[in-house]
2 protein chains.
Amino acid sequence: MAGVLDRASLEAVARLFGVLAEPTRLALLQALKAGPRAVSELAEELGAKQANVSKQLGVLHAAGLLARARDGNLVRYSVAESMIFELCELVCGKLRRDAERQLSALAPAKKRK
Amino acid sequence: MAGVLDRASLEAVARLFGVLAEPTRLALLQALKAGPRAVSELAEELGAKQANVSKQLGVLHAAGLLARARDGNLVRYSVAESMIFELCELVCGKLRRDAERQLSALAPAKKRK
DNA sequence: ACACAATATTGCCAAGTAGTAATATTTTAA
DNA sequence: TTAAAATATTACTACTTGGCAATATTGTGT
């Protein structure tokens, strides 16, 4: 369905993947999957510094993955692209398969399902 | 379906996304979508240096995304995880939607489909 | 106006890495 | 054993960026 992408499109795709290529940002997305959270809540939940949480949320927001909403003194972020969870599921599936293959190579004959 | 991932799992997922976060590697995957290719073929097809193509193919192979097969003097690489194209499709879809939104914000009332 | 709390920003450093030129390795063919 | 071709590796440079401390900004209540 999709033709061949030019260099600029490939760079855009790569940039998006790059946003997801950091454990801290993935942890933030995972926490936000349960619902909107304020910066300080996320910082405590992840055990991370406020400055860094704010910075990484900014990266995710700039990429269009998060929505930002002021609520008095707080700023609540929420997931704006549920697509990211499909992405993560695909990757997790591959990692699970890899791990299984590695296991069965050491311990033959495993139960199927 | 998937529970909460620990730090190590998040790092593994991030590492995978990181492999896809480079335009050159995406271009290689795109070229390989049409079928197996030798290193020199890919270098010419992309207009890139042999050393860099070999290096990036190595990264993709180490990540388990490509298969490697010697064929005489050549080494042919091929896609080992078709999942990556689903990933790219999801990302491309988001980018298309973003671009459309940006367009319709400037030029109201566009034709549907 | 003030103090206080939550968030954002700035300057910095250390680590990681894409790309390159040069060189090494592997394979084929004489 | 040679030479030549294809691929991989090494050493290097330039650039990017995650995390941090300090500071600035924004909003709330008094």
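Note on naming: letters A, B, ... go to the chains in the order of the sequence lines (proteins, then strands), and numbering restarts at 1 for each one.
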For this session: Could you list by number each residue of residues 17-27 of chain A showing a heavy-atom separation from DNA chain C of less than 4.0 Å, or answer none if no residue does?
Result: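 Of all residues in residues 17-27 of chain A, none places a heavy atom under 4.0 Å from DNA chain C.
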Exercise. For DNA chain C, which residues in residues 54-70 of chain B have a heavy atom at a distance below 4.0 Å?
Worked result: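 Nucleic-acid contacts, sorted: B:K55, B:Q56, B:R70.
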Exercise. Do the non-hydrogen side-chain atoms of A:K94 and B:L16 ever get within less than 4.5 Å of each other?
Worked result: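 Answer yes - side chains close enough.
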Exercise. Side chains of B:L42 and B:L32: does their closest heavy-atom pair fall under 4.5 Å?
Worked result: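 Of all side-chain heavy-atom pairs linking B:L32 with B:L42, at least one is under 4.5 Å.
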Exercise. Which atoms form the tightest heavy-atom contact between A:L26 and B:L10, and what is the distance?
Worked result: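 Looks like CD1-O, 3.6 Å.
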For this session: Identify the two heavy atoms, one from B:R25 and one from B:V19, that lie closest to each other, and give their separation to 0.1 Å.
Result: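 Answer, listing the atom of B:R25 first, then B:V19: NE-O, 2.7 Å.
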Exercise. How do A:A51 and A:G72 order along DNA chain D: which one's closest nucleotide is nearer the 5' end?
Worked result: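 Going by which nucleotide is closer to the 5' end, it is A:A51.
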d([atom1], [X]; [atom2], [N]) in whole Å:
X     : N      : atom1 : atom2 : value
A:R76 : C:dT7  : CZ    : P     : 9 Å
A:L46 : D:dG19 : CG    : P     : 11 Å
B:D71 : C:dT26 : CG    : P     : 18 Å
B:R37 : D:dA6  : CZ    : P     : 17 Å
A:R15 : D:dT17 : CZ    : P     : 10 Å
A:R7  : C:dA18 : CZ    : C1'   : 11 Å
B:L74 : D:dA5  : CG    : C1'   : 9 Å
A:L42 : C:dA6  : CG    : C1'   : 13 Å

Does [X] place a side-chain N or O at less than 4.0 Å from the phosphate oxygens OP1/OP2 of [N]?
X     : N      : result
A:S40 : C:dT7  : yes
B:N52 : C:dG19 : yes
B:Y77 : D:dA6  : no

For this session: State whether a side-chain donor-acceptor pair under 3.5 Å links A:R96 with B:S9.
Result: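 Result is no, nothing qualifies.
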Exercise. Which nucleotide sits closest to the side chain of A:N73: C:dT7, D:dT28, C:dA21?
Worked result: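 Given the options C:dT7, D:dT28, C:dA21, the side chain of A:N73 is closest to D:dT28.
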Problem set entry | Non-neighbouring partners of A:E45 that pass salt bridge (Lys or Arg N to Asp or Glu O under 4.0 Å), sequence neighbours left out |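 Counting only residues at least two positions away or on another chain, A:E45 forms a salt bridge (Lys or Arg N to Asp or Glu O under 4.0 Å) with A:R37.
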Exercise. Taking it one step at a time, do A:L20 and B:L20 satisfy side-chain contact (heavy atoms from CB on, under 4.5 Å)?
Worked result: CA-CA 10 Å; A:L20 299 174; B:L20 299 175; over 6 Å; no
Exercise. Do B:Q50 and D:dA8 have a side chain to base donor-acceptor pair shorter than 3.5 Å?
Worked result: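 Donor-acceptor pair under 3.5 Å: yes.
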Exercise. Counting any heavy atom closer than 4.0 Å, what does A:A38 reach on the DNA or RNA strands: base, sugar-phosphate only, or nothing?
Worked result: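 Contact class for A:A38: sugar-phosphate only.
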Problem set entry | CA sep, side-chain torsions, deciding dist, call: A:Q102, A:D98, side-chain hydrogen bond (donor to acceptor under 3.5 Å, both in side chains) | CA-CA 6 Å; A:Q102 184 133 0; A:D98 288 358; over 6 Å; no
Exercise. Checking side chain to side chain donor-acceptor pair (under 3.5 Å) against A:Y77, which of A:R68, A:E41, A:H61 comes through?
Worked result: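 For A:Y77, the side chain to side chain donor-acceptor pair (under 3.5 Å) test succeeds with only one of A:R68, A:E41, A:H61, which is A:R68.
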For this session: Go through the steps to decide whether A:V39 and A:L74 satisfy the test side-chain contact (heavy atoms from CB on, under 4.5 Å), and finish with yes or no.
Result: CA-CA 8 Å; A:V39 181; A:L74 306 176; over 6 Å; no
